[in-house]
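Only one structure is covered here, and it is reproduced in the block below.
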Amino acid sequence: QVQVVESGGGLVQTGGSLKLSCASTRRTASNNAMGWFRQAPGREREFVAAISWNGATKNYLDAVKDRFTISRDRAKGTAYLQMNLLKPEDTGVYYCAISRLAVPSTAPSTYQYWGQGTQVTVSS
């Protein structure tokens, strides 16, 4: 059974930082891209960042491109999202997902396994 578990969320002030972690079943994730999505109250789930199977290619939402960094450890089956200079509009539930593909994608439909999410709240 595939498990995807996020951690690292919390409450932070504007301008602060958080690092999210995503743990997965190693065999499942090692040859697949991994991604982060977020969902704010009353809004659709949106793509935040994704990384290819080998970490060579990364995609970001334009709004986070200069502030967030995605990384992964293939051997451990983990992914990370370092979030700096956080803004109130970054508030939401952040989800980690494992793609069906080896290359990163912004489309939720290309992701097969999802975690339960971790709450990130940025106060103004």
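Computed over heavy atoms, backbone and side chain alike; hydrogens, waters and symmetry mates excluded.
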Asn32 vs Tyr113, side chain to side chain contact (heavy atoms under 4.5 Å, CB included): CA-CA, chis, key distance, verdict
CA-CA 11 Å; Asn32 297 79; Tyr113 302 108; over 6 Å; no
Tell me whether Leu61 is reachable from Val122 by hopping between hydrophobic residues (I, L, V, M, F, W, Y) whose side-chain heavy atoms are closer than 4.5 Å.
yes
Quick check: closest heavy atoms across Gly35 and Tyr111, and the distance to 0.1 Å?
N-CE2, 3.7 Å
Got a donor-acceptor contact below 3.5 angstrom from the Glu46 side chain to the Arg38 backbone?
no
Looking only at heavy atoms, which two atoms of Tyr94 and Met83 are closest? And how far apart?
CE2-SD, 3.8 Å
Atom of Ser105, atom of Thr110 and distance for their closest heavy-atom approach
OG-OG1, 3.0 Å
Distance flag, aromatic centroids of Trp114 and Phe37, threshold under 6.0 Å:
yes
Show, in sequence, the C-alpha distance, side-chain angles and deciding distance for Asn54 and Arg72, and conclude whether the side chain to side chain donor-acceptor pair (under 3.5 Å) test is met.
CA-CA 8 Å; Asn54 60 357; Arg72 70 182 298 167; over 6 Å; no
Considering all heavy atoms of both residues, which atom of Val12 and which atom of Leu86 are nearest to each other, and what is their separation?
CG1-CD1, 3.6 Å
Linked, directly or transitively: Val64 and Leu20 (ILVMFWY side chains, under 4.5 Å):
yes
Just verifying a value: how many Å separate Cys22 SG and Asp73 CG, rounded to the nearest 0.5 Å?
12.0 Å
List the steps, then state whether side chain to side chain contact (heavy atoms under 4.5 Å, CB included) holds for Trp53 with Leu101.
CA-CA 8 Å; Trp53 71 280; Leu101 311 174; over 6 Å; no
Do Arg74 and Asn31 have side chains that approach each other closer than 4.5 Å (heavy atoms only, starting at C-beta)?
yes
Specify the closest pair of heavy atoms between Gln82 and Ser17, including all atoms of both residues, with the distance to one decimal.
NE2-CB, 4.0 Å
Rounded at 0.5 Å granularity, tell me how far CG in Leu11 sits from OG1 in Thr91.
8.5 Å
Least distance between heavy atoms, Thr78 atom then Ala23 atom
CG2-CA, 4.2 Å
Determine yes or no for a side-chain-to-main-chain donor-acceptor pair under 3.5 angstrom, with Arg45 supplying the side chain and Val93 the backbone.
no
Is any side-chain N of the basic residue among Lys87 and Asp90 closer than 4.0 Å to the acidic one's carboxylate O?
no
Under 4.5 Å between side-chain heavy atoms, counting indirect links through other Ile/Leu/Val/Met/Phe/Trp/Tyr residues: same cluster for Val48 and Tyr80 or not?
no
Do any N or O atoms from the side chain of Glu6 and from the backbone of Cys96 form a donor-acceptor pair under 3.5 angstrom?
yes
Pairing residues for Gln112 by the side-chain hydrogen bond (donor to acceptor under 3.5 Å, both in side chains) criterion, not counting sequence neighbours:
none
Compare all side-chain heavy atoms of Pro104 with those of Lys58 and state whether any distance is below 4.5 angstrom.
no
Check each of Ser52, Ser24, Ser99 against Met34 using the side chain to side chain contact (heavy atoms under 4.5 Å, CB included) test, and report the only one that passes.
Ser24
I'd like to know if Val2 and Trp36 are part of one continuous hydrophobic network [Ile/Leu/Val/Met/Phe/Trp/Tyr, side-chain heavy atoms within less than 4.5 Å].
yes
